[in-house]
Amino acid sequence: MNAISTFTFHQDHNVRVQMINGEPYFCLRDICIVLSLDSRSSSKFELDNKGVEKLSTPSNGGNQKIIYVNEPNLYRVIFRSNKPEARQFQDWVFNEVLPTIRKTGQYQVPTQPKAPNYITSDDMNNIKRLVWFCASFFDHEDAFSRATWSSLRHVTNTPSPEQFEVEQLPLLESEFKRLYSIIEPYLNTRRACEKALIKYFIRGRADAALLQQLLDQMHGSVENLHENTNVKFPQLFKIQCTDLIRRKA
């Protein structure tokens, strides 16, 4: 036999349970207290003697022989109660206690959800400064800031205006690195274009037609990127998904 476990119903009723040959037996005295029944007249419960055991149980006065009943007998006792909580007690035992006992061999009180560990105001200010820093390089600063916040909340699965948590800081760091890996080559290219503009067209007074040709090439590159993003990428994604489904099938 395993050690006696105790579980609590409605935070103020303790019921002892003992595993015997892999089957839970419940302390009859405790059940009767919960259901406002008299355990001294147990004959009225019409218990099946095959599911009744007298077990040595620690008490304030030392070990005592106390009656424990199996699951079928437990329901026989519950049916004798007219207390409104009897149905709640039955559902609780059936839906929560018994599945847990069968899985672990004992009852374990459900643990309370861990309180979120939110980031500090200093952390949030640092994030805001990083967003501002990234957006400050762009003419469409507000739009870039909104897009950045959207990406941060997406990667952490944190909808606005919920706070970020400390555990999400590595995700935020990784997302900022991803954003910077996009921004940096763009800024380098833009600087190179500006230097060329100064050197060849402003200072060098190159033909304006050449400038228009350069601008047309840049515009064409943007159009190609737009086409790839909206047409080719979804097609590639669909093909990859189809291949994945086939591999799983």
Listing, residues 125-134 side-chain donor-acceptor contacts under 3.5 Å, not counting sequence neighbours, or none:
| residue | atom | partner | partner atom | Å |
| --- | --- | --- | --- | --- |
| Asn125 | ND2 | Ser121 | O | 3.2 |
| Asn126 | OD1 | Arg129 | NH2 | 2.4 |
| Asn126 | ND2 | Asp122 | O | 3.3 |

### Query
Do Arg76 and Asn73 come close enough that some side-chain heavy atom pair is under 4.5 Å?
yes
### Message
Side-chain heavy atoms nearer than 4.5 Å, only ILVMFWY residues, links allowed to pass through others: does that put Leu179 and Tyr186 together?
### Response
no
### Message
Checking the side chain of Asp91 only, and the main-chain atoms of Gln88 only, is there a donor and an acceptor separated by less than 3.5 Å?
### Response
no
### Task
Could you tell me whether Asn82 atom CG has more than 12 heavy atoms of other residues or ligands within 6.0 Å of it?
no
### Message
Using only atom types and a distance under 3.5 Å, with no angle test, would you say the side chain of Asn63 pairs donor to acceptor with the backbone of Ser56?
### Response
no
### Message
Can you confirm whether more than 12 heavy atoms, excluding those of Lys199, are under 6.0 Å from its NZ atom?
### Response
no
### Task
Identify the heavy atoms of Ala86 and Ile78 that sit nearest to each other, and give their distance.
O-CG2, 3.8 Å
### Query
Are the side chains of Phe94 and Leu74 in touch, meaning some heavy atoms are under 4.5 Å apart?
no
### Task
Check the pair Glu175 / His154 against side chain to side chain contact (heavy atoms under 4.5 Å, CB included), numbers first and verdict last.
CA-CA 10 Å; Glu175 185 64 5; His154 174 77; over 6 Å; no
#### Entry: Student check: side-chain heavy atoms of Phe26 and Val77 closer than 4.5 Å
no
### Query
Got a second to check how far Arg178's CZ is from Ile183's CD1, nearest 0.5 Å?
9.5 Å
### Message
If you compare all heavy atoms of Phe144 against all heavy atoms of Ala135, which two are closest, and at what distance to 0.1 Å?
### Response
CD2-CA, 3.6 Å
### Query
To the nearest 0.5 Å, how far apart are OG1 in Thr57 and CZ in Arg16?
6.0 Å
### Query
Under the 3.5 angstrom rule, does the side chain of Ser81 hit a backbone N or O of Leu35 as a donor-acceptor pair?
yes
### Query
Stepwise, does the side chain to side chain contact (heavy atoms under 4.5 Å, CB included) test hold for Phe164 with Asp123?
CA-CA 9 Å; Phe164 294 116; Asp123 292 329; over 6 Å; no
### Message
Same cluster or not: Leu172 versus Met124, using hydrophobic residues (I, L, V, M, F, W, Y) connected whenever any side-chain heavy atoms lie under 4.5 Å apart?
### Response
yes
### Message
Check this for me: Arg87, atom CZ, are more than 12 non-hydrogen atoms of other residues, nucleotides or ligands nearer than 6.0 Å?
### Response
no
### Task
Please confirm whether the backbone N or O of Tyr118 pairs with a side-chain atom of Gln163, one donor and one acceptor, at under 3.5 Å?
no
### Task
Determine whether Thr156 and Glu165 make a side-chain contact, defined as any pair of heavy atoms from C-beta on separated by less than 4.5 Å.
no
### Query
Within a strict 4.5 Å, meaning less than it, do heavy atoms of the Val52 and Ile67 side chains meet?
yes
### Query
Quick one: do Ile33 and Ile31 end up in the same hydrophobic cluster if we chain Ile, Leu, Val, Met, Phe, Trp and Tyr together by side-chain heavy atoms under 4.5 Å apart?
no
### Sub-4.5 Å side-chain heavy-atom contact between Phe45 and Val69
no
### Query
Nearest 0.5 Å, what's the CD-OH distance between Glu53 and Tyr68?
11.5 Å
#### Entry: ILVMFWY cluster, Leu171 and Leu152 together (side-chain gap under 4.5 Å)
no
### Query
Does Val155 share a hydrophobic cluster with Tyr180, counting links as ILVMFWY side-chain heavy atoms below 4.5 Å and allowing steps through other members?
no
### Message
Donor-acceptor pair, distance only, cut-off 3.5 Å: does the side chain of Arg153 make one with the backbone of Glu162?
### Response
yes
### Query
Looking at CG of Leu47 and CG of Asn49, how far apart are the two atoms once the value is rounded to the nearest 0.5 Å?
7.5 Å
### Task
Under the side-chain hydrogen bond (donor to acceptor under 3.5 Å, both in side chains) rule, collect the residues that match up with Tyr75, sequence neighbours excluded.
Glu71
### Message
To the nearest 0.5 Å, what is the distance between CD on Gln18 and CG on Leu55?
### Response
5.5 Å
### Arg146/Asp142 ion pair, N-O < 4.0 Å
no
### Query
OG/Ser145 to CD/Glu141 distance, rounded to the nearest 0.5 angstrom?
5.5 Å
